[in-house]
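Each remark here refers to the structure printed beneath this line.
From a predicted model like this one, the values you see are computed outputs, not experimental measurements. Position 1 is the first residue of the sequence, and the numbers go up from there.
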Amino acid sequence: IHSIVDVDVDISDGINGDDGIKADLVEVDFVIDEVKIDANGAIVVTGTNGEEAIIPGDDDISIKSANGDVWSVGEDGTITKEEGAEGGAVAENTTNGIDNKGNVNSITATGVTVVFQESGDYYFDALPGNTSTTFEKEYKILEANGTKYKVPYKAVSDIEGEDFVTAKVVINDTSISKEDIIFKTKEGAKVEANWNNNSTEVTLKLKRKFDYVDEEIFAVVKSKEDNEKYDIAGSLITTHLASKELEAINVTLIPVGDGVVISDALKEKTAEIYSKAGVRLNIQTGQSILPDEVYGWDKDGNKRLKVGDSSILSHYTDEQLMFNNYVKQQEYYTDKTYYVFVTNISITSTNVSGFMPLKRQFGFVFTQNATTVTKQSRTLAHELGHGIFGLEHTWDEYQFGQGATNFLMDYGSGTVLNHLDWKKMHAPGVQLYWFQGDKDGEYIHTGIDYNALVSWLKANKGKKEVEY
């Protein structure tokens, strides 16, 4: 398996925004007839008898009507009305397994289990095995009668239409039927459910309601011990991604070398990887370049392109910079496009298939090692994750073995973007075409041993006292 060399520098400060936490549920004491946003951005809630409530806007919020219906208002202005579910909100006074802060901490139902499955048009992210305790902390794990119930994440977008998720249901108690299982959000909105013929699988309809927020969905049944309360049989976190108004991101692939052809399949496969995360890529093919057109690129005279190493503080090599600068001098160049050279030039490493530093404008895909369209599209998508969104290698950030997951930002053949990636990609503070340090003179020798520096930083992370 060929590795993909790129840069992992933590530049999240100033780039990431929304934490995905929705504002507290707002309840009004009248039946809501209409919800709208006024000219000042405030949320105006009108009742059936003319009552009115004004709620500050500019946030993702849910509003509960006196009849139990739940109205959701996205930060982008999306307004959704949902029927209230039996039992209302999932709260301490209505549901078992919830602490005094309103957090669900356990699966309490007996005789029935609901486990959500990988499904739908957008990504499904379940905690993989063989990672690390640090990584496990990024997922919600509930106590479930002596076992662990790992709550998965489901991306919800609308760039390809509405979505769905399926769940397998196991009923071991003859007193429980599918009609007893209620699917609802934590705020108490009913989630539409359609069962298969033998009642072993259910499909939930999902619709994007918010601009970027996590929303919990629960499967509950009436408690056997307390008929006034409910028990939790299953849980899912839906991540509502940014709206379809998110602009398409311009990417131009530049063939470099004799016989290099950019296929439609390469562009389509790469775009599909990001479409599942609610991101649209506008991938075009640029003008071909022959290596001899880039005067002076072969500084070693060996007709091989010098590529960076895998150090997390890597930069473009002096030879790569020659290609970057060549494109910057062309009439078609714009600072509103990411450029990736797809080249068959021989390179100095036998196990490198791509290169693109974090938040940079230029990347490389090396067909010498990425020999098929599948490998090239995976490599291209991986590199764009670094260059456009500043995504880091999951294994390096959370300290587990390379190739342990099917994640795009792992090494291997995986193409899945996980919920941590979604957050970075859709955070309101993300700036597209914001290129970190892309200047002609960025390849500078400082005399610093960066590998030693990084090793020292990792070894002393969290220590109050360190030795220099």
Side-chain angles (χ1 to χ4, degrees), residues 1-10 12 117-118 122-139 141 148 150 152-155 266 269-270 272-274 276-277 279 307-314 340 342 347-358 363-425 450-451 454-455 457-459 461:
I1 298 174
H2 295 299
S3 65
I4 302 171
V5 175
D6 24 45
V7 183
D8 282 354
V9 180
D10 186 1
S12 59
Q117 306 292 307
E118 182 173 353
Y122 304 103
Y123 283 118
F124 182 92
D125 177 28
L127 174 63
N130 304 316
T131 55
S132 66
T133 54
T134 303
F135 188 65
E136 284 187 4
K137 291 177 181 179
E138 299 291 351
Y139 291 76
I141 301 177
K148 290 182 177 181
K150 300 175 182 178
Y153 286 77
K154 179 73 178 77
L266 171 58
K269 285 177 177 289
T270 305
E272 182 182 5
I273 290 171
Y274 281 92
K276 291 179 180 180
V279 172
V307 298
D309 59 30
S310 60
S311 162
I312 68 173
L313 292 178
S314 293
V340 179
V342 179
I347 58 176
T348 55
S349 176
T350 58
N351 65 345
V352 174
S353 54
F355 183 93
M356 193 171 188
L358 296 190
F364 293 79
V365 172
F366 305 113
T367 62
Q368 169 184 314
N369 295 328
T371 55
T372 66
V373 170
T374 297
K375 290 180 180 179
Q376 290 167 12
S377 62
R378 198 267 177 189
T379 299
L380 175 58
H382 180 105
E383 299 306 337
L384 291 175
H386 288 306
I388 298 175
F389 299 106
L391 301 183
E392 302 181 40
H393 291 136
T394 316
W395 51 263
D396 188 49
E397 188 174 2
Y398 291 97
Q399 300 301 298
F400 57 80
Q402 297 180 21
T405 72
N406 64 346
F407 295 151
L408 176 67
M409 304 316 294
D410 196 349
Y411 282 167
S413 58
T415 59
V416 173
L417 289 158
N418 64 48
H419 76 279
L420 301 172
D421 299 328
W422 311 339
K423 180 176 180 178
K424 293 178 181 178
M425 294 163 65
Y450 287 113
N451 288 324
V454 171
S455 297
L457 290 171
K458 288 182 176 179
K461 182 178 180 182

Which atoms form the tightest heavy-atom contact between [X] and [Y], and what is the distance?
X	Y	result
A381	Y274	O-OH, 2.6 Å
T415	R378	CG2-CG, 3.8 Å
G354	T379	CA-CG2, 3.7 Å
S349	N369	O-ND2, 3.5 Å

So, do [X] and [Y] sit near enough that their side-chain heavy atoms are less than 4.5 Å apart?
X	Y	result
H382	M409	yes
V342	F366	no
L408	N418	no
V340	V365	yes
W395	T405	no
F407	L420	no
S377	L380	no
L391	L417	yes

What is the ring orientation for Y411 with H393, classed by angle as parallel under 30°, tilted 30 to 60°, or perpendicular over 60°?
-> perpendicular
Do K154 and Y122 pass the side-chain contact (heavy atoms from CB on, under 4.5 Å) test, and can you show the C-alpha distance, the side-chain angles, and the key distance before you say yes or no?
-> CA-CA 7 Å; K154 179 73 178 77; Y122 304 103; 3.8 Å; yes
So does [Y] get a backbone contact from the side chain of [X], meaning a donor-acceptor N/O pair under 3.5 Å?
X	Y	value
S132	F135	yes
T131	F400	no
H419	A126	no

For the pair E118 and K276, evaluate salt bridge (charged side-chain N to carboxylate O under 4.0 Å, His left out) and give the outcome as yes or no after the intermediate values.
-> CA-CA 13 Å; E118 182 173 353; K276 291 179 180 180; over 6 Å; no
State plainly whether the residues K150 and E138 are in salt-bridge range, i.e. N to O under 4.0 Å.
-> no
Evaluation steps, side-chain contact (heavy atoms from CB on, under 4.5 Å), between F389 and V279 = CA-CA 11 Å; F389 299 106; V279 172; 4.0 Å; yes
Residues Y139 and D125: side-chain donor-acceptor under 3.5 angstrom | yes
How about D410 and T394: does a side-chain donor come under 3.5 Å of a side-chain acceptor?
-> no
Show the numbers, then the answer: is there a side-chain contact (heavy atoms from CB on, under 4.5 Å) between T371 and K375?
-> CA-CA 7 Å; T371 55; K375 290 180 180 179; 4.0 Å; yes
Hey, what do you get for CG (L358) to CE (M356), rounding to the nearest 0.5 Å?
-> 10.0 Å
Step through it carefully: locate the ring centre of Y153, locate the ring centre of F124, and say whether they are under 6.0 Å apart.
-> no
Would you sort out whether I273 and V416 count as a side-chain contact (heavy atoms from CB on, under 4.5 Å), showing the intermediate values?
-> CA-CA 7 Å; I273 290 171; V416 173; over 6 Å; no
